Structure formats: C-alpha cells, structure tokens
Amino acid sequence: MAGSPNPVAATVHRKLGPGRLARVRGSLYAIPGPLGWYPALLPGGGLVDGMLHEATDAFASRDMAVLDAYEGYDPARLDRSEYVRRTIVVLTASGEIEAHAYVYNALPPANAVALPHGDFARFLTEKGAQPFGALPPPL
C-alpha cells in the first residue's frame with residue numbers, strides 16, 4: 001500500500017507511478033502478525049479493492065526481486081512460498097487489464113479475519129489496526 005510505514009513498500013513505491021483505483025476478483029483476509037496486520041488475497045468470487053501502480057523507468061528487475069523476497073515468493077520453491085506472484089485480471093475505470101499481484105499461497109490461518117467488503121485499508125481504519133511493519137502507537 002502506498003504510504004505504508006513499511007520500509008520495503010516505501011522504497012519500492014518511490015519507483016512506481018501514482019496509483020489508480022482498481023478491483024480484482026477474489027477473497028481478502030487480514031492476518032495478524034507480531035509487526036501488524038497484513039492482507040492475503042485468495043482466488044474467489046468476491047471483489048477486492050485496491051490500487052494499481054505502474055512501474056516507472058526507475059523500477060528494475062532487482063526491485064522485483066526485493067519485492068519477491070519480501071513477500072516470501074521463491075519461484076523455484078513454490079511449496080515454501082508464502083505468496084505467489086501471478087498475472088491476474090484487474091478491473092479499472094477504463095476496462096480490464098492484466099497486472100502482477102501476490103496471491104496468498106495457503107489457506108488463511110485460523111486467526112485470519114475475512115473481509116467480505118474486500119478493502120484492507122478500510123479494515124485497518126475501522127479496527128484502528130496497524131499495518132505490517134508500522135511502529136506501535138506511542139503510549
């Protein structure tokens with residue numbers, strides 16, 4: 001997510017164009033972790049809201065490798081990958097296009113929260129939750 005306090009996301013987003021609203025078909029879950037909540041997109045029949053960003057000329061293959069490592073994606077070891085990078089159909093105001101997305105590579109854990117509205121940012125706001133990698137609020 002753009003504006004994320006996560007240092008990997010912040011670094012990569014500097015090399016992407018401005019986002020535009022988009023949707024994908026699937027199911028979305030929020031998973032709690034020791035460093036905050038993170039989203040898990042799974043194939044499904046619902047709609048998931050998000051942002052679509054285009055890579056700028058500054059985005060290089062090493063940036064994709066950094067994202068792959070961060071997302072726990074190893075194309076040589078799919079059985080050990082937390083996420084799998086796939087090309088999926090994205091619905092935008094100007095039509096359908098294909099784009100890369102990280103899809104969760106397992107069933108959601110028991111403590112995951114299903115998000116039928118398909119909006120992770122909304123979940124964070126409504127719950128007052130911190131996204132993964134955020135610093136805890138001051139005491």
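We're numbering straight along the sequence, starting at 1. Predicted, not measured: the structure shown is a model, and the values here were computed from it.
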task: Check the pair L16 / T56 against side chain to side chain contact (heavy atoms under 4.5 Å, CB included), numbers first and verdict last.
output: CA-CA 5 Å; L16 300 175; T56 67; 5.5 Å; no

- prompt: Which atom names give the shortest non-hydrogen contact between Y104 and P109, and what distance separates them?
  reply: OH-CD, 3.9 Å

Shared hydrophobic cluster for L107 and L41 (ILVMFWY, side-chain gaps under 4.5 Å): no

message: What's the separation between atom CE in M64 and atom CD in E71, rounded to the nearest 0.5 Å?
response: 11.0 Å

- prompt: Closest approach of I88 and A101, non-hydrogen atoms and distance?
  reply: CD1-CB, 3.4 Å

query: Once you round to the nearest 0.5 Å, how far does CZ of R14 lie from CZ of F59?
result: 13.0 Å

task: Any chance you could lay out the side chain to side chain contact (heavy atoms under 4.5 Å, CB included) test for V89 and E96, step after step, and finish with the verdict?
output: CA-CA 6 Å; V89 174; E96 294 183 356; 3.7 Å; yes

message: Are Y83 and Y73 an aromatic pair, judged by ring center distance below 6.0 Å?
response: no

- request: For residues G44 and S27, report the shortest heavy-atom separation together with the two atoms involved.
  value: CA-OG, 3.8 Å

task: Return the minimal non-hydrogen interatomic distance between I31 and A112, and the atom names on each side.
output: CG1-CB, 4.0 Å

message: Measuring only between side-chain heavy atoms, which start at C-beta, is V103 closer than 4.5 Å to P43?
response: yes

- prompt: Hey, would you say the F120 and W37 ring centroids sit under 6.0 Å apart?
  reply: no

statement: R86 meets the salt bridge (charged side-chain N to carboxylate O under 4.0 Å, His left out) criterion, sequence neighbours left out, with none

message: Would L91 and R25 count as a side chain to side chain contact (heavy atoms under 4.5 Å, CB included) here? Give the steps.
response: CA-CA 8 Å; L91 313 168; R25 289 181 181 87; 3.7 Å; yes

message: Which residues pass the salt bridge (charged side-chain N to carboxylate O under 4.0 Å, His left out) test with D68, not counting sequence neighbours?
response: R85

statement: In this structure, OH of Y29 is separated from CG of L115 (nearest 0.5 Å) by 9.0 Å

- prompt: Are any of the side-chain heavy atoms of R20 and T92 separated by less than 4.5 Å?
  reply: yes

task: Starting from the C-alpha separation in whole Å, work towards a yes-or-no answer on side chain to side chain contact (heavy atoms under 4.5 Å, CB included) for E82 and Y102.
output: CA-CA 9 Å; E82 183 175 14; Y102 289 97; over 6 Å; no

Minimum heavy-atom distance between A22 and L52, given as atom pair plus value: CB-CB, 3.9 Å

message: Running the 4.5 Å side-chain criterion over Ile, Leu, Val, Met, Phe, Trp and Tyr, what cluster does L21 land in, apart from itself?
response: M51

message: For the backbone of T87 and the side chain of H100, can you confirm whether one donor and one acceptor N or O come within less than 3.5 Å of each other?
response: no

message: I'd like to know if L47 and L28 are part of one continuous hydrophobic network [Ile/Leu/Val/Met/Phe/Trp/Tyr, side-chain heavy atoms within less than 4.5 Å].
response: no

query: Can you find a pair of side-chain heavy atoms, one from K15 and one from H53, that are under 4.5 Å apart?
result: no

field: Donor-acceptor contact below 3.5 Å, side chain N105 vs main chain S81
entry: yes

